[in-house]
2 protein chains.
Amino acid sequence: MLNERTEKVLFAIVESFINTNEPVGSRFITKTYSFNLSPATIRNIMADLEEFGFLAQPHTSAGRVPTDRGYRFYVDCISRHSDVEDDFLESFISRLEATREDLNGFLEGAARTLSEHSRYLGLVAPMKSGRTTLNRIELFSFRGDYIAVVLLTDEGPIKHKIIKAGQRLTPKTLRRISDYLNQEFSGYTIDEIRLKLIKDMSREKALCDILITKAVEICREALTFPSGDIYVCGFSDFIGLPDFSSHIREIAGAIEDKHFMLKLLEQVGAEVEGPSVLIGSENPAKEMKDLSLVVSTYKQGGKTAGSIGVIGPTRMDYSRAIAMVQTAARFITEALSR
Amino acid sequence: MLNERTEKVLFAIVESFINTNEPVGSRFITKTYSFNLSPATIRNIMADLEEFGFLAQPHTSAGRVPTDRGYRFYVDCISRHSDVEDDFLESFISRLEATREDLNGFLEGAARTLSEHSRYLGLVAPMKSGRTTLNRIELFSFRGDYIAVVLLTDEGPIKHKIIKAGQRLTPKTLRRISDYLNQEFSGYTIDEIRLKLIKDMSREKALCDILITKAVEICREALTFPSGDIYVCGFSDFIGLPDFSSHIREIAGAIEDKHFMLKLLEQVGAEVEGPSVLIGSENPAKEMKDLSLVVSTYKQGGKTAGSIGVIGPTRMDYSRAIAMVQTAARFITEALSR
DNA sequence: TGTTAGCACTCATGCATCGAGAGTGCTAAA
DNA sequence: TTTAGCACTCTCGATGCATGAGTGCTAACA
């Protein structure tokens with residue numbers, strides 16, 4: 001499609017622009033890179049690239065700027081095996097030391113490490129709990145007629161919730177309820193349990209057992225989780241980037257909206273092996289048309305356990321960002337397997 | 001100190017500036033407010049106010065702008081009993097409905113309500129858990145040699161932590177440990193428990209009881225909490241304010257730093273009854289010299305349970321903000337008492 | 001003695017102009 | 001196919017100028 005020389009020029013332009021944030025001109029290219037071509041030739045090539053839709057001019061007589069399509073071509077071509085700095089990995093390791101046994105703390109630390117090293121926005125979203133397997137349910141009465149429900153999942157973290165029982169339950173009753181729940185639901189994923197709960201609705205009515213009714217009720221209430229955590233770090237550095245001085249507000253709004261971000265990560269992350277990249281207008285939301293997203297998933301026990309990634313301007317150092325996200329995802333996966 | 005007329009002029013200037021964000025001139029005052037004075041007289045008064053340090057001019061021949069001292073005088077004078085809009089309270093009530101039995105969810109909702117109605121930054125910080133009373137400790141073994149520790153406090157929320165036990169413990173052993181812990185620690189505040197733990201160090205060694213050692217160890221590990229939650233809402237609206245287009249970055253940095261914010265809230269909140277106000281340079285951190293903070297505490301069972309407040313530009317609608325924060329704090333206090 | 005009218009003065013702001021510089025596209029020559 | 005040359009376009013910063021808002025001061029007034 002593009003001959004080698006044209007491609008090289010495109011890459012040179014993309015990389016210059018990533019570094020300098022200034023439209024790059026033909027003269028600049030000839031000075032900086034040794035293509036042994038005159039500015040005029042470069043200009044011809046640039047004109048071609050513009051026809052292809054890979055470059056654009058902010059105005060006549062400015063230099064060229066890569067379009068989203070240009071970035072896309074670049075990203076699809078670059079090697080995905082570039083290395084990350086040593087201190088990046090070291091940061092991860094020391095964070096892991098500091099937060100051992102505290103999964104959420106570690107994940108938040110991972111987001112922070114990512115943002116600090118990339119200077120972009122660091123994201124981590126543990127997967128929606130619907131897909132995780134329930135290990136055990138524990139109940140205990142609490143302050144009179146409340147019940148504390150603790151759900152242990154295989155993931156490690158515990159979900160908890162306080163429920164109003166409506167009446168005082170004896171420890172024995174409580175134990176019978178929790179035995180029933182564990183027998184029914186342990187080993188299933190949260191989503192499966194939700195399904196079972198719907199089916200049980202009828203069965204439970206048939207049985208007319210107050211105890212069971214209560215148990216299922218508790219379970220149903222306990223499973224109305226907040227839909228999932230997400231850690232976002234590095235906002236202040238991110239905001240300081242010169243790229244979006246104008247419409248910060250919309251961008252900040254989109255980023256603050258955790259539901260939106262979760263949905264975005266879930267959509268993107270699932271598809272391919274290795275980091276996915278969404279560039280500018282490829283993004284589903286218009287607020288993010290000047291932003292790019294690099295995201296990967298991490299696994300636990302062979303199953304996807306969450307997403308990690310960065311958000312930056314379309315003028316992002318993709319090669320570095322991809323390497324970092326990939327490294328981070330691998331690191332977390334490895335940490336979780338221990 | 002200030003005669004009544006001078007005071008009225010000051011208030012007029014403060015309020016105009018709060019509304020318009022433009023330096024206010026003598027002519028404007030005479031047109032807008034009916035003091036029955038000529039611009040010249042107003043100018044004389046303004047000159048006096050400037051001498052007092054209540055007003056400043058951005059440059060010769062701009063209007064006057066209130067200084068932090070000016071705002072301070074204004075805030076100290078205004079009635080603290082202005083009303084809030086009805087829909088503000090309604091928002092609270094509906095949030096409470098939606099998040100019943102989920103304290104953290106409710107508090108986050110409160111921060112959001114506050115930010116949405118004030119258009120400033122809404123903050124809620126549940127008090128550092130050190131001052132809350134431990135109700136009960138529950139232990140259960142988890143995935144082999146791990147132990148899940150769940151701490152029930154009087155506050156309602158449960159703190160949980162997963163600990164590596166190092167060896168497999170039988171249910172019976174576990175029960176003995178948890179009985180011991182409950183006997184020792186229930187009814188004390190977390191801070192007291194920390195103290196007790198230090199004392200126990202020696203006693204425990206004397207006893208040479210492996211079980212107790214293990215128990216105390218578990219407790220100590222479990223009490224290394226993350227230092228406290230804080231909910232910050234409304235960043236995108238806040239950032240859109242015209243006041244700080246220049247140094248957004250520092251401000252965003254300060255706000256993102258949760259430790260810093262927690263410390264700030266803790267410092268301010270504790271002192272007086274009703275909302276405290278910190279204006280611009282009164283603020284301990286230089287990054288916040290263009291921001292004002294209105295913060296109050298909410299209580300549970302007579303004890304301070306957390307802080308709630310807003311952060312806005314020094315040019316803040318103090319009267320409204322104070323009323324809102326006060327209302328919010330009262331509402332939460334009331335909700336917690338049920 | 002306090003208030004006001006008048007006036008000169010100061011600045012910020014917006015607008016138009018201008019020159020410099022950067023970069024382009026096109027053409028013709030190598 | 002590449003390159004040199006040239007005319008052309010457009011941004012950007014500096015400059016000058018008029019305008020308007022607002023002030024401080026002085027002198028007159030009630």
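Reminder, nothing fancy here: chain letters follow the sequence lines and each chain counts from 1. Keep in mind that the numbers below use all heavy atoms, side chains included, and drop hydrogens, waters and symmetry copies. These figures come from a predicted structure and were not determined experimentally.
Ring orientation note: the planes of A/Phe238 and A/Phe244 are tilted relative to one another, at an angle of 30° to 60°. Below 30°, between 30° and 60°, or above 60°: for A/Phe88 and A/His117 the angle between ring planes is above 60°, a perpendicular geometry.
Whole-Å rounding puts the B/Glu22 CD to D/dA21 P distance at 12 Å. Between the CZ atom of B/Arg64 and the P atom of D/dA21 there is a distance of 17 Å, rounded to whole Å. Regarding A/Glu50, its CD atom lies at a distance of 15 Å from the P atom of C/dG23, rounded to whole Å. Remark: C1' of D/dA21 and CE of B/Met46 are 12 Å apart, rounded to the nearest angstrom. In this entry the distance linking CZ of B/Phe17 with C1' of D/dG22 reads 16 Å, nearest Å. A straight line from CZ of A/Phe28 to C1' of C/dT24 spans 17 Å, rounded to a whole angstrom. When the C1' atom of D/dT23 is taken as reference, atom CD of B/Glu51 falls 15 Å away, rounded to whole Å. Atom-to-atom, CD1 of B/Ile45 to C1' of D/dT23 comes out at 15 Å; the value is rounded to the nearest Å.
Phosphate contact (OP1/OP2 of C/dG2, side-chain N/O of B/Thr41, threshold under 4.0 Å): absent.
Side-chain proximity of B/Arg5 to C/dT3, D/dA4, C/dT4: nearest is C/dT3. Picking from D/dT3, C/dT24, D/dT23 the nucleotide with the shortest atom distance to the side chain of A/Gln57 gives C/dT24. Listed nucleotides: C/dG6, C/dT24, D/dA4. Nearest to the side chain of A/Ala40: D/dA4. Which of D/dT23, C/dC26, D/dT3 sits closest to the side chain of A/Arg43 comes down to C/dC26. In this structure, of D/dT23, D/dT9, C/dC26, it is D/dT9 that holds the atom nearest to the side chain of A/Ser61. Side-chain atoms of A/His59 lie closest to D/dT11 of the nucleotides C/dT3, C/dG25, D/dT11.
Under 4.0 Å is where a charged nitrogen must lie from a carboxylate oxygen, and between B/Asp76 and B/Arg72 at least one such pair does.
A side-chain donor from one of A/Ser292 and A/Tyr318 sits under 3.5 Å from a side-chain acceptor of the other.
With ring centers used as reference points, A/Phe52 lies 6.0 Å or more from A/Phe73.
For C/dG23, its base never sits under 3.5 Å from the side chain of A/Arg27 at any donor and acceptor pair.
With DNA chain C read from its 5' end, the first of the two nearest nucleotides for B/Thr60 and B/Pro39 is the one closest to B/Pro39.
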